[in-house]
Trainee: 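Here it is: the structure, laid out below.
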Amino acid sequence: MTQDTKREKIICRILLLISLTSCVCGTFVVKVTQTSYQAEENDTITLEWMFTTKPDSSSTSLYIFCQLFTDVKSLILYHVHEGVESPESQDGQFAGRVQCDKDALREGRIRLHVSRLRTDDSGLYLCEVKTDYGESSGRCRLNVTAAVDQPKTQKPTVRSQPESGGRISLYVGLTAAAVLTVCAGLYSAYRLCSKHHHRENEVVYEAENIDTAV
Ligand SMILES: *[C@@H]1O[C@H](CO)[C@@H](O)[C@H](O)[C@H]1NC(C)=O
């Protein structure tokens, strides 16, 4: 008899719990502010989720579990256990690269700043939030493309082009200088020659004059 009433009590409690959670769960939502993000390698990005808050709820009843799902693996990037960050759960790939905005978190916004992005950070990001008044999750996609500064290795060849261009203009300048020097030399030689020739004529003419005078 006492066992039966105990069982009834338990069933009642379970039913009450189910009805309560289903009633409250409908009001608890996790939304993303953006369903997909596009970024480049080494960029910093802010992934954001919003969840329903309740002013009288204890912060120790907050659980957050954020994961990255790719085709080959799933990694934890952010974990809050009983209202406290649990960095030891974080995967090595995200070590020191994920920061959560604590002020935003109190307002029901999970703002994760992910820095020094890598191409393998690309994938589906899922955050599950559990509170004493509900549980839900939200997802978004991130696509990290390789940085375009890869021509860094090609830069020397690019740089050699202006160099050869400079060399060409140097050759042109030298040739022009040489041509000018030759021209100036020829001109002065011509002037010298013609002067000399003229003077020779004068001397001959003077000599002739002397001859006639005598
Ligand atoms: C990622 O971005 C690149 C460049 O915009 C695009 O070509 C590619 O299709 C995107 N991939 C995914 C999975 O969205």
Side-chain angles (χ1 to χ4, degrees), residues 21-22 24-54 57 59 61-165:
T21 48
S22 64
V24 175
C25 268
T27 62
F28 186 81
V29 285
V30 175
K31 287 187 293 183
V32 285
T33 51
Q34 218 174 307
T35 53
S36 96
Y37 296 83
Q38 183 77 49
E40 209 173 76
E41 215 176 349
N42 293 317
D43 277 356
T44 295
I45 205 166
T46 304
L47 306 173
E48 190 171 358
W49 287 263
M50 295 200 295
F51 62 92
T52 318
T53 52
K54 223 176 158 190
S57 171
S59 70
S61 61
L62 178 67
Y63 298 83
I64 299 169
F65 200 64
C66 296
Q67 273 179 288
L68 159 65
F69 293 93
T70 71
D71 294 336
V72 289
K73 61 196 173 180
S74 69
L75 310 168
I76 299 163
L77 77 148
Y78 188 67
H79 184 206
V80 168
H81 182 79
E82 294 180 345
V84 181
E85 269 186 9
S86 166
E88 59 272 14
S89 316
Q90 192 182 55
D91 192 275
Q93 180 175 318
F94 292 106
R97 297 199 293 128
V98 179
Q99 259 199 313
C100 181
D101 191 331
K102 300 286 158 51
D103 294 327
L105 194 60
R106 263 174 241 122
E107 298 162 8
R109 286 184 297 143
I110 306 167
R111 283 172 61 83
L112 299 182
H113 307 289
V114 187
S115 55
R116 284 173 281 126
L117 282 175
R118 296 156 46 160
T119 49
D120 55 357
D121 290 339
S122 299
L124 179 76
Y125 284 77
L126 178 85
C127 271
E128 293 173 70
V129 185
K130 190 171 162 265
T131 63
D132 52 358
Y133 52 94
E135 185 178 343
S136 187
S137 68
R139 63 194 68 196
C140 61
R141 277 207 166 271
L142 171 64
N143 183 6
V144 183
T145 51
V148 228
D149 61 8
Q150 264 164 358
K152 247 178 200 167
T153 50
Q154 286 170 12
K155 258 182 188 164
T157 56
V158 171
R159 214 178 275 150
S160 76
Q161 273 175 340
E163 245 171 55
S164 67

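For ligands, and for the atoms within them, numbers begin at 1 and follow the listed sequence.
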Trainee: Answer yes or no for atom 7 (O) of ligand 1: protein heavy atom present at a distance under 4.0 Å?
Mentor: no
Trainee: Which residue supplies the protein heavy atom nearest to atom 5 (O) of ligand 1, what is that atom called, and how far is it?
Mentor: Gln38 NE2, 3.8 Å
Trainee: Out of curiosity, Leu68 CG to Arg141 CZ, how far, rounded to the nearest 0.5 Å?
Mentor: 10.0 Å
Trainee: So Leu117 and Glu41, do their side chains get closer than 4.5 Å, heavy atoms only?
Mentor: no
Trainee: Report, in ascending order of atom number, the atoms of ligand 1 lying under 4.0 Å from any heavy atom of Thr145.
Mentor: 2 (O), 3 (C), 4 (C)
Trainee: What's the shortest distance from atom 14 (O) of ligand 1 to any protein heavy atom, and which residue and atom give it?
Mentor: Asn143 ND2, 3.3 Å
Trainee: With the side chain counted from C-beta on, respond yes when Thr70 and Asp120 share a heavy-atom pair under 4.5 Å apart, and no when they do not.
Mentor: no
Trainee: Between Glu135 and Lys130, is there a donor-acceptor pair closer than 3.5 Å when you use the side chain of the first and the backbone of the second?
Mentor: no
